[in-house]
2 protein chains.
Amino acid sequence: MKLTEPKARKLAELFSALSDASRIRIIAQLMGGEMSVRALADGLGMTESAVSHQLRGLRQMHLVRARKAGRQVFYSIDDDHVSRLFTLGLDHVQHG
Amino acid sequence: MKLTEPKARKLAELFSALSDASRIRIIAQLMGGEMSVRALADGLGMTESAVSHQLRGLRQMHLVRARKAGRQVFYSIDDDHVSRLFTLGLDHVQHG
DNA sequence: TGAATATATGAACAGGTATTCATATATTAC
DNA sequence: GTAATATATGAATACCTGTTCATATATTCA
């Protein structure tokens with residue numbers, strides 16, 4: 001298969017966004033529905049700062065999206081591709 | 001969704017294996033069928049050493065597998081999950 | 001207005017990673 | 001056996017990344 005360098009980089013960036021255990025756990029939580037930053041941080045035992053930094057990257061890659069409600073920001077899985085990538089990957093590590 | 005720490009790490013490792021442009025290009029080449037290390041290196045403009053180092057990681061993650069034939073080693077995509085992850089990711093970056 | 005809460009962000013440091021270079025192993029041909 | 005070829009690997013280096021800490025912004029409440 002032929003793949004231009006810029007596309008290879010883009011694709012690598014996408015997978016990079018999923019290449020950290022903290023981010024994976026964030027996504028896993030969001031699979032159950034939208035959550036605030038604090039709720040994510042509490043559920044994961046991370047600081048809000050760390051979570052917020054990670055969410056930024058996930059947002060930029062369009063893996064999650066934010067909905068602002070008052071002073072809270074609720075995050076959710078951005079689109080279906082993301083959940084499919086997640087579950088497909090999980091499949092591979094489970095019976096791989 | 002609930003996800004144990006070890007599983008989150010495993011999943012992150014899987015995506016890490018795909019989180020580099022060189023490795024993505026290696027996989028892209030292998031989508032067309034098995035290739036020797038030298039053929040990969042030539043096709044990608046990388047040194048055989050660099051390719052070999054990367055193939056090692058991909059092998060350990062069961063993303064590619066090796067077939068030895070004489071003094072050459074032919075690499076190919078390990079299983080269907082891998083090609084599906086690849087094309088699903090490509091989908092996301094293309095109409096994302 | 002001021003205090004409190006929720007999130008975001010910049011800088012800095014620690015740990016990880018991709019490549020290069022040199023060298024090792026393995027296989028074939030002579 | 002030696003020479004040549006294909007691949008693998010260890011060490012070193014340069015770059016990248018995740019977290020923490022301090023601070024900033026934004027929103028609600030009194």
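Residue numbering restarts at 1 for every chain, and letters A, B, ... go by the order of the sequence lines. Every heavy atom of this structure was used, including side-chain atoms; hydrogens, water molecules and symmetry mates were not.
- For B:Arg56, there are no salt bridge (Lys or Arg N to Asp or Glu O under 4.0 Å) partners two or more places apart in sequence or in a different chain.
- Close approach of DNA chain C to chain B, defined as any atom under 4.0 Å from a non-hydrogen atom of the protein, starts and stops at C:dA18 to C:dT28.
- In this structure, B:Arg71 has no side-chain contact (heavy atoms from CB on, under 4.5 Å) partners at least two apart in sequence or on a different chain.
- For A:Arg25, there are no side chain to side chain donor-acceptor pair (under 3.5 Å) partners two or more places apart in sequence or in a different chain.
- Spacing between atom CD of A:Gln72 and atom C1' of D:dA26 amounts to 13 Å, rounded to whole angstrom units.
- Residues from residues 44-55 of chain B with heavy atoms under 4.0 angstrom of DNA chain D, sorted by number: B:Glu48, B:Ser49, B:Ser52, B:His53.
- When side chains are defined from C-beta on, A:Leu85 counts as touching A:Leu14, because their heavy atoms get closer than 4.5 Å.
- For residues 7-39 of chain A, proximity to DNA chain D is found at A:Asp20, A:Ser22, A:Arg23, defined as any non-hydrogen atom under 4.0 angstrom from a strand atom.
- Among residue pairs with one or both ends in residues 6-15 of chain B, those qualifying as salt bridge (charged side-chain N to carboxylate O under 4.0 Å, His left out) are B:Glu5-B:Arg9; sequence neighbours excluded.
- Qualifying side-chain contact (heavy atoms from CB on, under 4.5 Å) partners for A:Ser83, counting only residues two or more places apart in sequence or in other chains: A:Met31, A:Ile77, A:Asp80.
- Within 4.0 Å of A:Tyr75, counting heavy atoms only, lie sugar-phosphate atoms of the nucleic acid but no base atom.
- In this structure B:Arg59 satisfies the side chain to side chain donor-acceptor pair (under 3.5 Å) test together with B:Tyr75, sequence neighbours excluded.
- Judged by closest nucleotide on DNA chain D, B:Val73 is the one of B:Val73 and A:Arg71 placed further toward the 5' end.
- The side-chain hydrogen bond (donor to acceptor under 3.5 Å, both in side chains) contacts involving residues 27-43 of chain B comprise B:Glu34-B:Arg67, B:Arg38-B:Glu48, where partners must be two or more places apart or lie in separate chains.
- For A:Gln60, the side chain to side chain donor-acceptor pair (under 3.5 Å) test picks out no residue, with sequence neighbours left out.
- Looking at residues two or more places apart in sequence or on another chain, you find no side-chain contact (heavy atoms from CB on, under 4.5 Å) involving B:Ser52.
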